Structures are given as C-alpha cells and as structure tokens.
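Only this structure's heavy atoms are used, side chains among them; waters, hydrogens and symmetry mates stay out. Since we're looking at a predicted model, the values are computed, not measured.
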Amino acid sequence: MRHMFLMKVNKGLIKYLIWGCSAIFLFFFSMSNGFAQESEISLSCQIPYYLGKEKESVIPGEQIQAFFNVENLGLQDKQLTASIELPAGFLPIHPQQNWQVMNQGELCQLQRQINLSGGYSQWFDLIPLKVNDDVVPGNYPVLIRAGDQVQRLVIAVSGTREIPADTAFTIDSVVLPLDKDGKTDDRLNRSTIVLRDRRWDYYKNVLQGKGATNQEMEAIHPVTHMGLDLTNPAGQQKLIVITTMLLDAYTHEPIPGLFTPSTTGENAEAGALGGHENSLVAFAALTGEAKQRIRLPVYADEQLFGSGGNYLLQVTIADEMDSTVIKEIPIKIIKQDSRAAGVVCFAVILLAGGLFFAACRFQRILRTFRTRWLVTIALFGAAAFAVVNVPSTLFGELFHILLGPFGFVISGLFSSVFLYMIVMSLVILIPYTGVIALISIIRMLLGMLAFGQFSPITFLSYGIHALFLESFLYGSGMYRYLQSQQTGDKIPVPKMALLAFICAAADCLSIYVSLQSMSVLYRMYYADWYIELILLVNGLVYTAIGAFCGVLLGKRLSKVGGD
C-alpha cells in the first residue's frame, strides 16, 4: 500500500514538473519573440555628423551633415519609410534625388522608402544640410523615423559666422615627395618623383631566393606620397574626388604614367596595371577644419616613362555639387637607371685588364720604338694638348654660354676633328702598337700639370679611348697593313674608310663611357636624345672627318720626313 501511495505521489510530481517546465519555456519563448520583434530594426542618426573633430554645436550659416543609419536585424525583409523632420531654419543644401522634400509651414520633412533584406542588412545615407544665417542660438529638436522606430535629437546652435558659408576651399600647395608617414625626405629636392628601375627585378628575385613572383603585383606599390594642403575657411564638409595627372610642360597635353591601382577599363584582361585611365583618382573627405592636409599615395608605371624629365602635375578636386578646384605645379621625374653604373663597372674592368696586358708586354713594346719615334710621339702629344685640350678647357664655358647644351658642336671640332687629324697622321708615320697609348699619356700628363685635370674620370676617359683605338687598329690588321706600306704608296679609299670607321667606333664608345661615368660619379643627368646627338655629331661625323684628314696629313708628312 505504501509503495502504491509513493508511486501516485511521484507521478503527480512528475506531471507538475512537466507542466511547470512547459510554462517556463513558453514564457521565455514568448519573451524572446517579443525582444526580437523590438530589436529587429535599429535606427541611429547623427546630426551634425563630422568627419574630423567632433563638435557639440553648430553656428548660423554653417553647412552640416546628417548621417542616417538603419539596420534590419530580423529574418524577414522589411520595407520601411524613413523620414527626418527638420526644425525651422534647417534646410537641405541641394535638391535631393532620393528624398522627397515636404515643407510643412516653417518645418521641412525629408522622406523616402527603403528596403532592407532579411538576415542582416544595413542602409545609410549622408544628407547635407545648411543652417540659415538668421537662426537664433538655442536648441532645436529633430524628429527621425524608420518604420515604427522614432528618435528625437537636439541640435545646439551657438555663436555667429563671419565667413560666408559658400566661400570655396582652395589648394594652397602640393607637397611631394613624402614618405608613408607624411615626412619629407631631405635627400630629394621638392617636387621630384624618383622612379625605380624594374628591368632587373626578375633577376634580383632569383638571386634573393624569392623564385618566380608576380612582377605586376610587386610593381603595384606607391613610388612616393604627396600632400595637398587645403584652406577651408567656410568649414565645408563633403566627400571629394581628387584626380591627379601629368601634363606636358610645353604643350599642356596629358602624359600617361600615373595610374589608379585595381582599376580596369575596356581592356579588362590586361591585369591590374592595364586599362587605367592615366590618372590617379582618389576619394577623400573635407573634415571642416580650416587647414587640412590630405595625404595620397602616388602610383606610377615606370615603363611608360623614358628617362624622366620635367612635367606639370595637375591636381583637380571636384564633387557633384560645386565647381572644381585645380592646382598645377611643375615637377621633375627622375628614373633610376643602373645602366650607367653597369657601363662604368664594365669599363673599369676592361681598362684594368688592358693595363695588366700592357704591363706584361711593356718592355717588348718599348723596344719596337726608336728614340726619334718617341720624340715624335712626344711632339705630337704636345701639339694635341695645345690644339685640343687648351681651347676646350679655356673656351668650353664660352661655348656653353653661346649655344647652351649644344656647345659640343663647337668643342667637338677640337676634341674630334683636330684630335684625330693629329692622331691618325701619327699612326701613318709610326704604325706600331702603343703609339696611341703614348700620345694619350702625354696629353693626360700635360693636362694634369697645366689645368689640374686629375680625377677618376680623367683616367677612365683617356684610358678607355686609348684601349679601344689600339685594340681596333690591332684587331683589324691596320697596323700590319700600314707597316707594309712604302713611303710613296697611296692608301686606297676602302682602307681609309675602314680607318675612319675604326676611329668613329672607338670615339663613340669612349664618349659614351665618359658620359655614363659623369652620370654615376657627378650625378649628372643626360637625356637619351642628347647622348645620341653627341655620339652622332662628335663621335661619328667629326671623328670620321678628322680621321680622313689625318690619313692625308700623315701621308704628306711621311713624304717630307721619311722614316
């Protein structure tokens, strides 16, 4: 009996426990549904919304922003009506395309429909507003709605404005180059962009063990940064579009080079560097501060630049409401080029090898020269110094004053025509290996004693000129041919043309090495077209003329002086 009684009591307790748990579950379930319904829509609005320093109040005549944000936290799609009811004296600045503006007496209401997807979705908008000039300082309520959500805000108006609100902002200056932290690099001149030399990137990666890499993606990083110093007297706040492009310094035509990463045009298959619009486009915000610096990275495609030069950098700031603001500054673009360093290193190694070879055969070479030949070489060397070195040194600056960068047209008459007349006439008289080196040594020593021309470039230019000319004359067999000639024999025109070609080739190479060494050691800049023009005029035309004249002069001197 007792056992039966306990069984009935337990069944009753279990029944009550089940009913109690069910009631508690239903209670919390209903509460949870109630909370979900209340929190499905989240509404927030910030007036005034500042992109820079936060302000607690506005002043009459100021332009402000209203940031309206709605979120759907529920699972169902929502279609809501959003509205902002502005107090008297507050109006939208420009006609709103998406908002319906309704004036209700002195009040103004903006209204629009928004659709929010289920799960989670967010909608926001930035509405520009203006506080009228005649608004009395005080607190003004703003009523915002989104569906059944309602919020009341208060805008505090205080003080007065001395500068009209429509006063436009200006670009005071464009500062570059800057590093990523906005600091200037004292090693570089202002308004200068230094480009990298990407031709050896693949081999650098191989040597560094990086292996095969995406060269295009590695190239997409800023070459420098620039800063835009703006003056915003009216305290305008807005989003702006900054377009930067290069212009030709003389024709004012756009120049390709700058690009916006990750932008593609019609040629969408060209990759990250393809299809750009040859301009750097960026979005920024005016924060309302009186003075503001906007820092932007500068992306440039180095392959579109030749060897750099002078350009105009045009910066255009625009938005969809006001007129554009344009600023242009002259800039200089310098392209890092390791070619000059490679040429100089190769020339130094070549010259060291030539000196080592000459030192090994020094005694043998000197034994081939008679005493009167050495005297003759010394006299020709002194004549070459007087005819070539003296006028080039004394009047070189005058030539630059008269013709500017084209002064080489006159100085080349001495350094090419007259020099090769003397050198080739000496080769005709004494056609033995070493004669070019000896006359070059005499010229160099006299130049050191007279004008102090003592520098690594002096050794390199004299040495490489003698090395090339000696090697070409010996390698072509011209020394052996001239040694077989008798005093009265004429040199046929093909041989004279070959001599002229040898001299021109040797002179072009020595001039090119000298210019590259000037670029490396003295940080001089020469445009490619300028180097090519010097090689054409001085190295090829003048030298060929001098060589022809030197052969004729040498044959006449051989008739006079004999052996």
Side-chain angles (χ1 to χ4, degrees), residues 51 171-202 204-205 208 210 213-230 239-249 254-265 267-268 270-287 292-318 325-338 525:
L51 302 173
I171 305 175
D172 292 340
S173 60
V174 180
V175 184
L176 80 162
L178 302 175
D179 61 10
K180 62 180 181 179
D181 298 323
K183 299 178 181 178
T184 57
D185 191 348
D186 296 333
R187 297 173 301 177
L188 300 176
N189 295 326
R190 297 288 295 271
S191 303
T192 301
I193 297 177
V194 180
L195 303 178
R196 299 157 298 165
D197 187 359
R198 294 171 45 208
R199 292 176 301 173
W200 307 101
D201 283 357
Y202 173 78
K204 291 178 182 176
N205 291 335
Q208 294 173 357
K210 297 174 65 176
T213 57
N214 190 331
Q215 300 293 319
E216 184 177 284
M217 295 305 297
E218 285 195 343
I220 301 176
H221 62 268
V223 295
T224 186
H225 292 73
M226 69 176 180
L228 304 180
D229 290 337
L230 306 180
L239 297 176
I240 56 177
V241 180
I242 303 173
T243 304
T244 306
M245 61 190 311
L246 287 176
L247 303 178
D248 187 274
I255 300 295
L258 301 182
F259 71 96
T260 305
S262 302
T263 58
T264 56
N267 190 9
L273 285 177
H276 56 67
E277 299 176 353
N278 295 323
S279 61
L280 179 64
V281 181
F283 293 92
L286 293 182
T287 60
Q292 181 182 357
R293 167 171 286 190
I294 299 176
R295 191 167 68 250
L296 299 174
V298 178
Y299 297 90
D301 188 353
E302 295 88 346
Q303 297 179 355
L304 297 180
F305 292 95
S307 56
N310 297 319
Y311 300 91
L312 291 176
L313 185 69
Q314 183 188 74
V315 179
T316 304
I317 297 180
V325 179
I326 300 176
K327 181 76 172 182
E328 293 181 359
I329 63 167
I331 65 168
K332 183 176 183 179
I333 294 180
I334 301 174
K335 189 171 184 179
Q336 292 182 349
D337 190 359
S338 58
Y525 170 74

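For the pair R295 and K180, the tightest heavy-atom approach, listed with the atom from each and the gap, is NE-O, 3.5 Å. The two residues L312 and P330 come nearest to each other via the heavy atoms CD2-CA, 3.8 Å. Closest approach of N278 and G257 over heavy atoms only: OD1-N, 4.1 Å. In terms of heavy-atom proximity, M245 sits nearest to L258 at CA-CD1, 4.1 Å.
In this structure a side-chain-to-backbone donor-acceptor pair under 3.5 Å is present from T260 to S279. Judged by distance alone, with hydrogens and angles left aside, the side-chain atoms of D179 form a donor-acceptor pair with the main-chain N or O of D181 at under 3.5 Å. Side-chain N or O atoms of T224 include one that pairs as donor or acceptor with a backbone N or O of L178 at under 3.5 Å.
Between atom CG of residue L195 and atom CG of residue D301 there is a gap of 9.5 Å, rounded to the nearest 0.5 Å. Taking CZ of R293 as the reference point, atom CG of L228 lies at 9.0 Å (rounded to 0.5 Å). In this structure, the separation between CG on D248 and OH on Y311 is 8.0 Å, given to the nearest 0.5 Å. In this structure, the separation between CE on M226 and CG on L280 is 5.5 Å, given to the nearest 0.5 Å. The line from CG of L247 to CD1 of I255 is 8.0 Å long, rounded to the nearest 0.5 Å.
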Stepwise, does the side-chain contact (heavy atoms from CB on, under 4.5 Å) test hold for L246 with I333? CA-CA 11 Å; L246 287 176; I333 294 180; 3.7 Å; yes

Before giving the answer on side-chain contact (heavy atoms from CB on, under 4.5 Å), spell out for K327 and L313 the whole-Å C-alpha distance, their side-chain angles and the decisive distance to 0.1 Å. CA-CA 8 Å; K327 181 76 172 182; L313 185 69; over 6 Å; no

Step by step, work out the side-chain contact (heavy atoms from CB on, under 4.5 Å) result for L230 and I317. CA-CA 11 Å; L230 306 180; I317 297 180; 3.9 Å; yes

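V174 is not listed as a side-chain neighbour of T244, based on a closest heavy-atom distance of 4.5 Å or more. Within the 4.5 Å cutoff, no side-chain heavy atoms of Y299 are placed close to those of V223.
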